[in-house]
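One structure is given below, encoded as structure tokens.
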2 protein chains.
Amino acid sequence: MAYRETPAVRMRLDAARERLVAEATALVAEVGWAGASVGAVAAAAGMSAGSVYQHFASKTALAVEVFRRAAGREVDVLGAVLRDGDGDAVTRLACGVAVFARRAFERRGLAYALLAAPAEEAVCAERLEFRRRYRALFAEVVREGTTAGLLPPQDPEVTAAALTGAVGEVLVDPLAVPGAGTAAEALLAELTAMALRCAGARSVQGGNDDR
Amino acid sequence: MAYRETPAVRMRLDAARERLVAEATALVAEVGWAGASVGAVAAAAGMSAGSVYQHFASKTALAVEVFRRAAGREVDVLGAVLRDGDGDAVTRLACGVAVFARRAFERRGLAYALLAAPAEEAVCAERLEFRRRYRALFAEVVREGTTAGLLPPQDPEVTAAALTGAVGEVLVDPLAVPGAGTAAEALLAELTAMALRCAGARSVQGGNDDR
DNA sequence: GAAAGAAGTGAACCACGATTCAGACCTTGG
DNA sequence: CCAAGGTCTGAATCGTGGTTCACTTCTTTC
């Protein structure tokens, strides 16, 4: 015997894989799925096209990994607010929408890539699953709100789908082109107000102190 | 001189072009934009691939035409209800959502193609414009509702975007897989109720007698 | 430092589908 | 029927970008 993988090598390999995912994510956020060719991603990560296949079986596999990571982060964050946040269901719903929206705002390119950008079949399939998870989170809090009597009777799945679609639609396309201004904050406030109406919350308590 | 286009020829040519658009639309509704290759579309229309280029400068041009026709029809129908329909703004809004949803339901494949299916850049650009027009129609009726005091103060653009996104989200993905059953009607009712809440309409009058 | 066995490279290969084009076949006006 | 000028065809061409692979360059172990 004359060679066995050493921890240092494993680490280097793993780091390369991570770099690949990270750079691919950045590239996708910037130029979309179509623009993120294997060559471009490899170059961004400082390796050759061939080396990509050391880490992923195919470009599709890389794309799916990129999507899963980014989408997973978002779902986790939203889940933390909606499921484990403070306050009653309505408060958490408002917070959740605000968080969803603010994050999408701050990384608009990524949000677009996750929600709506043209992509290959496999990524679209992931997207479906992703949206389903978003919906499930919203549905859960809406359901809690209705059983607590804070919200009127309704199909939580429909409301949840609507919330997902609504926030996506508002943010992804070009309503508020500019960035950080007060306009963005106003849009956020408008959005959360709309979301509360959508779920049927009676009164809109000042729900702007969200994080 | 020895040849000049005769009316009969013109008609045959035009008919071929129409057939092309029609078959392409059907194909797209069935197998998506990716599956509708030039060859497949040509075959469906009973001509050779080369002949397609007699009528369209490129596959992209054909795709755009297909999209514009189908989307234009939808916008027209929605406009007829929202802008020129009977009743006050809230009633028309409810009708509009129901019509939007019902049409999408009945031609689910086409709805998916128009709203969300993976497509080439040019089609995506059209889609943006299409959604903008949808939004504009909804925004108009919401604005009318607010000035008439039927709806609370709100940013009509945000509400309109939300309605577009919400209906799209609910319909396009696979909430209600089945077709014509009472489930579909129930979903429609749920949807319009949600839309009215979303716009802030006070009471939901029985708005199911829409066409 | 030499053998064994990766990992890394990038040019060549390939699949796929849009587009072209030379020739076959029609239509028209004379 | 003929010439002129279309339309139609489908096989060949082309561009694009993912994937492969013979070869080079490390790493490890002895």
Side-chain angles (χ1 to χ4, degrees), chain A residues 1-21 23-24 27-28 31-67 117-124, chain B residues 1-21 23-24 27-28 31-67 117-124:
Chain A
M1 74 213 69
Y3 183 92
R4 223 182 345 160
E5 187 182 81
T6 210
V9 172
R10 177 76 274 148
M11 201 159 297
R12 194 156 48 70
L13 247 13
D14 289 350
R17 190 178 200 275
E18 287 311 299
R19 202 165 59 246
L20 210 42
V21 172
E23 293 297 335
L27 208 55
V28 164
V31 300
W33 297 97
S37 65
V38 171
V41 170
M47 64 181 75
S48 72
S51 291
V52 170
Y53 291 83
Q54 204 96 39
H55 304 285
F56 295 94
S58 66
K59 178 206 165 84
T60 297
L62 170 56
V64 166
E65 174 89 9
V66 164
F67 188 95
E120 61 192 299
E121 276 316 300
V123 169
C124 288
Chain B
M1 73 215 65
Y3 182 92
R4 222 181 345 159
E5 187 180 80
T6 209
V9 172
R10 177 78 274 146
M11 202 158 297
R12 196 156 47 70
L13 249 13
D14 289 350
R17 190 179 200 275
E18 287 310 300
R19 202 164 58 248
L20 211 42
V21 172
E23 293 296 335
L27 209 53
V28 163
V31 300
W33 298 97
S37 65
V38 171
V41 171
M47 64 181 76
S48 73
S51 290
V52 170
Y53 292 83
Q54 204 96 40
H55 304 284
F56 295 94
S58 65
K59 177 204 165 87
T60 298
L62 169 57
V64 167
E65 174 90 9
V66 164
F67 189 95
E120 61 191 301
E121 277 316 301
V123 169
C124 288

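Convention: sequence-line order gives letters A, B, ...; per-chain numbering from 1.
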Please name all residues satisfying side-chain hydrogen bond (donor to acceptor under 3.5 Å, both in side chains) with [X], sequence neighbours left out, ordered by chain then number.
X: A/Thr60; answer: A/Glu120
X: B/Glu121; answer: none
X: B/Glu18; answer: B/Arg69
X: A/Thr6; answer: none

Where at least one partner belongs to residues 49-61 of chain B, residue pairs that pass salt bridge (Lys or Arg N to Asp or Glu O under 4.0 Å), sequence neighbours excluded
none
Roughly how many Å is it from CZ in A/Arg10 to P in C/dG5, rounded to a whole number?
19 Å
Starting at atom CE of B/Met11, determine the distance to atom P of D/dG6, rounded to an integer number of angstrom.
20 Å
Under 4.0 Å protein heavy-atom contacts per nucleotide of nucleotides 8-24 of chain C, with B for base, S for backbone only and - for none:
BBB-------SBB----
